[in-house]
Amino acid sequence: MTISKAAVITALRQRGQHSRADFVDRELPDRIDTTRHGGLLATLHLDPSEFAEADRPDGDGCHRPA
């Protein structure tokens, strides 16, 4: 599963963790692979499933052609 880097940065900034948000912005790709970066997300106390729900374009996780 991948999640949006922008959503992670927003969550960190809302917590006042601007240095961590800056680190994520510099070091991670636009789409964060939760398997590959799960340890970092856990260290940041972020639950990838919360971002997966918000990251769904149509609410059910299916990307349909336009």
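Along the sequence shown, residues carry numbers from 1.
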TODO: Determine whether His37 and Pro29 make a side-chain contact, defined as any pair of heavy atoms from C-beta on separated by less than 4.5 Å.
DONE: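 Result yes, sub-4.5 Å side-chain heavy-atom pair found.
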Open item on the list: Would you say that Ile9 contacts Asp22 through its side chain, given a criterion of any heavy-atom pair below 4.5 Å between the two side chains?
Closed with: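 Of all side-chain heavy-atom pairs linking Asp22 with Ile9, none is under 4.5 Å.
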Open item on the list: Rounded at 0.5 Å granularity, tell me how far CG in Leu46 sits from CZ in Arg15.
Closed with: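 That separation rounds to 4.5 Å.
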Task: Euclidean distance, Lys5 NZ relative to Asp30 CG, rounded to 0.5 Å - done: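 That separation rounds to 5.0 Å.
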Task: Residue among Thr2, Leu40, Ile3 satisfying side chain to side chain contact (heavy atoms under 4.5 Å, CB included) with Ile32 - done: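 Single side chain to side chain contact (heavy atoms under 4.5 Å, CB included) partner of Ile32 among Thr2, Leu40, Ile3: Ile3.
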- [ ] Apply the side chain to side chain contact (heavy atoms under 4.5 Å, CB included) test between Leu12 and each candidate in His45, His18, Gln17; give the one that qualifies.
- [x]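 Passing option: Gln17.
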TODO: Could you give me the CA-CA distance, side-chain angles and deciding distance for Glu50 and Asp47, then say whether side chain to side chain contact (heavy atoms under 4.5 Å, CB included) is met?
DONE: CA-CA 6 Å; Glu50 292 177 20; Asp47 180 0; 3.7 Å; yes
Task: salt_bridge(Asp25, Arg13) N-O dist < 4.0 Å - done: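 Salt bridge: no.
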Open item on the list: If you compare all heavy atoms of Ala7 against all heavy atoms of Phe51, which two are closest, and at what distance to 0.1 Å?
Closed with: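 Heavy atoms only, the tightest pair is O-CE2, 3.4 Å.
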Open item on the list: Could you walk me through whether Thr35 and Met1 satisfy the side chain to side chain contact (heavy atoms under 4.5 Å, CB included) test, starting with their C-alpha distance in whole Å, then the side-chain angles of each, then the deciding distance to 0.1 Å, before giving a yes or no?
Closed with: CA-CA 7 Å; Thr35 302; Met1 170 174 60; over 6 Å; no
